[in-house]
Amino acid sequence: MTAAPALPVSAPWGFSHRYAEALPRGVIALPPERVRAPALAVWNRDLAARLGLPASAEREAAQALSGLALPADARPVAQAYSGHQFGGFSPVLGDGRAHLLGEVSTPDGLYDIALKGSGRTPFSRSGDGKAALGPMLREYVMGEAMAALGVPTTRALAVLTTGETVRRDTALPGAILARVAASHIRVGTFQYFASRQDVASLRALLDHAIARHYPELSPGDGLGFLNAVIARQARLVAQWMGLGFIHGVMNTDNMAVSGETIDYGPCAFMEAYAPGTVFSSIDHQGRYSHANQPLILGWNLARLAECLLGFIDPDQKAAVDKANAALGGIAGRYRAEWVAVMRGKLGLSGEAPEDGDLADAFLSALEGQGADWTLAFRRLAEAAEGDATPLRMLAADPAGIDAWLPRWRARLGPDAARRLRAANPLVIPRNHMVEEALDAATEGDMAPFHRLLDAVTRPFEARPGFDAYALPAPQGLAPHVTFCGT
């Protein structure tokens, strides 16, 4: 590794560097590019406090997160990884515009603080290593919304503007995101070392990931690790599905072994329920559509299993058999997690064998009716109180809902309406509201962004003045399209 040149420093932030020390062949040491005029656009005070950052961190953030005055104990590196992107394997991807500054210790464990949009690295290929303000604010608001919804997620500590222009289809204000993650270890990280047959580094990665995320396992327990990742990812995708969230780019380099949602690129929330919904401009075949997310869950985890065979059993056939047995259980595990999510969203009392069928029947009643996913579940609360009209009005033809309601009411317990409102958000990051806020921020007005952030971080509350954030996009708007790699 090449030593990073000396830079001015701010106060230490309490960083350790266990990943870089454990995986020296998986990182390249280099500083972020220094930018012209950094300014703090958003600072996440609650998250900073949770991380135990020094009181000076907010005051120093623009300098410390831009490369002008790194924290004294930062040792920035770019991480290497591979990945299957839309099914095609790329042996070298890595952090093309990101720098891991280090890890901070909290009562909950270690957390990475990494920069995104912080300049070119040896993994940049033809990219400029930069990021525009809008996409970085998107990642901030999406991560905070998911955290408020109870979904495991990376989060943003800060977004800062750079005082520079980034050229995409047009000239845009540049920005840097400071992202916090339980780690940035991806399925693609395992693929990087496996594809190079670097068994020593692969073993070090496995042991590091176990110690960091699954300390109940013994070092080197490849099968236990595979099963643990399967369990967390099945739960995560079930939560996505319950919210109508579409990640949009479920490549293996975007699946974290921690079980957190990572990389909010072409993501969006579905409005009218349609299983084949796709928002990404490059997903022409619907590989990562809403309905396909559980299938891609299994496909990605099979790629992880391939990397772990040597740590599952020394006998190759036995290792393959054990891995296949674990992978064969994914569908059942995911179904159980999904039914648990839907049981809560439907306000059901206790557990019954028919609950999955009841949830399937509700989705069948909604499909093709133009019914808004989020509001349909939210309006079950009024139906539980005896007024199904708000729910029926969401469907072009409510006959399916009418046929389903008696079955559902038979499974409700006391206090159902309260439990339904506690389980089903009123507010999600509506796509048109997100775009309006990001467009305004790009033009220099951050007020709509802060208003949106306020709305989505209290998603279960009905508050005066926030009605617009609970409504679908107005009719006549063009279909929402998202873009990757911005």
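- No donor-acceptor pair closer than 3.5 Å links the side chain of Thr153 to the backbone N or O of Glu260.
- Between the side chain of Thr106 and the backbone N or O of Gly109 there is at least one donor-acceptor pair closer than 3.5 Å.
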inquiry  = Set out, in order, the CA-CA distance, both residues' side-chain angles and the distance that settles side-chain contact (heavy atoms from CB on, under 4.5 Å) for Leu110 and Val104, then state yes or no.
reply    = CA-CA 6 Å; Leu110 289 178; Val104 293; over 6 Å; no

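- Judged purely by atom type and a 3.5 angstrom limit, Ser90 has no side-chain atom pairing as donor or acceptor with the backbone of Val92.
- Annotation: side chain of Phe279 is not in contact with side chain of Pro266 (no heavy-atom distance under 4.5 Å).
- Taking Arg421 as the reference, Glu385 meet the side chain to side chain donor-acceptor pair (under 3.5 Å) condition, with sequence neighbours excluded.
- Listed for the Ser124 side chain is a donor-acceptor partner under 3.5 Å among the backbone atoms of Gly96.
- A donor-acceptor pair under 3.5 Å links the side-chain atoms of Ser183 to the main chain of Ile185, judged by distance alone.
- Using modelled atom types and a 3.5 Å distance limit, the side chains of Gln79 and Thr189 yield no donor-acceptor pair.
- In this structure, CG on Asn300 lies 7.5 Å from CG on Asn251, to the nearest 0.5 angstrom.
- Every pair passing salt bridge (Lys or Arg N to Asp or Glu O under 4.0 Å) that includes a residue from residues 115-124 is listed here, sequence neighbours excluded: Lys116-Glu139, Lys116-Asp263.
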task = Go through Asp128 and Arg168 one step at a time and tell me if the salt bridge (Lys or Arg N to Asp or Glu O under 4.0 Å) criterion holds.
result = CA-CA 10 Å; Asp128 62 8; Arg168 296 298 182 255; 2.8 Å; yes

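- Residues Leu426 and Phe460 form no side-chain contact, since every pair of their non-hydrogen atoms from C-beta on lies 4.5 Å or further apart.
- Leu363 places a side-chain heavy atom less than 4.5 Å from the side chain of Trp373.
- Thr154 has its side chain out of reach of Val180: every pair of non-hydrogen atoms, C-beta onward, lies at least 4.5 Å apart.
- In this structure, Arg463 pairs ionically with Asp454, as a charged nitrogen and a carboxylate oxygen lie closer than 4.0 Å.
- To the nearest 0.5 Å, atoms CD (Gln293) and CE (Met250) are separated by 5.5 Å.
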message = Let's go through Tyr140 and Arg155 carefully: what are the C-alpha distance in whole Å and the side-chain angles of both, what is the deciding distance for side chain to side chain donor-acceptor pair (under 3.5 Å) to 0.1 Å, and is it a yes or a no?
response = CA-CA 7 Å; Tyr140 191 113; Arg155 297 177 65 185; over 6 Å; no

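- No side-chain heavy atom of Leu65 sits less than 4.5 Å from a side-chain heavy atom of Leu70.
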Residues 467-474, side-chain donor-acceptor partners within the protein, below 3.5 Å, at least two apart:
none

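- Here the side chains of Met241 and His290 are in contact, with some heavy-atom distance below 4.5 Å.
- Annotation: salt bridge (Lys or Arg N to Asp or Glu O under 4.0 Å) contacts involving residues 431-447, sequence neighbours excluded, comprise Arg138-Glu435.
- Side-chain atoms of Ser118 and His99 form a donor-acceptor pair, as typed in the model, at a separation below 3.5 Å.
- Taking every heavy atom of both residues into account, Ala388 and Leu405 meet most closely at CB-CD1, 3.7 Å.
- The shortest non-hydrogen separation linking Ala384 to Ala416 is CB-CB, 4.2 Å.
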task = Report the C-alpha distance between His84 and Trp299 in whole Å, list the side-chain angles of each, state the deciding distance to 0.1 Å, and finish with yes or no for ring-ring contact (aromatic ring centres under 6.0 Å, His included).
result = CA-CA 10 Å; His84 276 88; Trp299 195 93; 5.1 Å; yes

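- A salt bridge does not link Arg232 to Glu337: none of the charged nitrogens lies less than 4.0 Å from a carboxylate oxygen.
- His184 meets the ring-ring contact (aromatic ring centres under 6.0 Å, His included) test with no other residue; sequence neighbours excluded.
- When each of Tyr273, Trp408, Phe377 is checked for a ring-ring contact (aromatic ring centres under 6.0 Å, His included) with Phe362, only Phe377 meets the rule.
- Closest heavy-atom contact between Leu412 and Leu346: CD2-O, 3.6 Å.
- In summary, the aromatic rings of Phe86 and Tyr288 are positioned with their centroids under 6.0 Å apart.
- Distance CZ/Arg458 to CG/Leu453: 12.0 Å, rounded to 0.5 Å.
- Under the 6.0 Å cut-off for aromatic ring centres, Tyr81 and Tyr192 do not qualify, their centroids lying 6.0 Å or more apart.
- With rounding to the nearest 0.5 angstrom, the CG atom of Asn292 is 12.0 Å from the CG atom of Leu297.
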message = Please determine whether side-chain contact (heavy atoms from CB on, under 4.5 Å) holds for the pair Ser66 and Val35, giving the CA-CA distance in whole Å, both sets of side-chain angles, and the decisive distance to 0.1 Å.
response = CA-CA 6 Å; Ser66 67; Val35 301; 3.8 Å; yes

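- Proximity of a side-chain donor or acceptor of His17 to a complementary backbone N or O of Asp73 within less than 3.5 Å is detected.
- Residue pairs meeting the salt bridge (Lys or Arg N to Asp or Glu O under 4.0 Å) criterion with at least one partner in residues 242-258, sequence neighbours excluded, do not occur; the list is empty.
- Without hydrogens or angle criteria, Thr162 side chain to Glu164 main chain gives a donor-acceptor distance under 3.5 Å.
- Under the 4.0 Å criterion applied to side-chain N and carboxylate O atoms, Arg212 and Glu103 are assigned as salt-bridge partners.
- Scanning both residues, Pro38 and Leu160, for their nearest heavy atoms gives CB-CD1, 3.9 Å.
- Residue Asp108 qualifies as enclosed at atom CG: its count of foreign heavy atoms under 6.0 Å is above 12.
- How far CD1 of Ile282 is from CZ of Arg287: 12.0 Å, rounded to the nearest 0.5 Å.
- Nearest heavy atom pair, residue Leu30 against residue Thr121, reads CD1-CA, 4.0 Å.
- Note that CD1 of Ile401 is 5.5 Å distant from CG of Leu366, once rounded to the nearest 0.5 Å.
- Remark: the backbone N or O of Lys345 is paired with a side-chain donor or acceptor of Asn424 at under 3.5 angstrom.
- Here the closest heavy-atom approach between residue Phe466 and residue Arg451 is recorded as CZ-NH1, 3.3 Å.
- Not one N or O on the side chain of Gln239 forms a donor-acceptor pair closer than 3.5 Å with the backbone of Leu149.
- Here the rule is side-chain contact (heavy atoms from CB on, under 4.5 Å) with Val159, and of Asn44, Leu133, Ile176 only Leu133 fits it.
- With Asp372 as the partner, the salt bridge (charged side-chain N to carboxylate O under 4.0 Å, His left out) test is satisfied by one option alone out of Arg378, Arg430, Arg379: Arg430.
- Remark: the Thr261 side chain and the Trp240 side chain contain an N/O donor-acceptor pair separated by less than 3.5 Å.
- In this structure the side chain of Val427 never reaches within 4.5 angstrom of the side chain of Glu461, judged on heavy atoms.
- In terms of modelled atom types and a separation under 3.5 Å, the side chain of Arg392 and the main chain of Pro398 share no donor-acceptor contact.
- Side chains of Trp13 and Glu60 form a contact here, defined as non-hydrogen atoms less than 4.5 Å apart.
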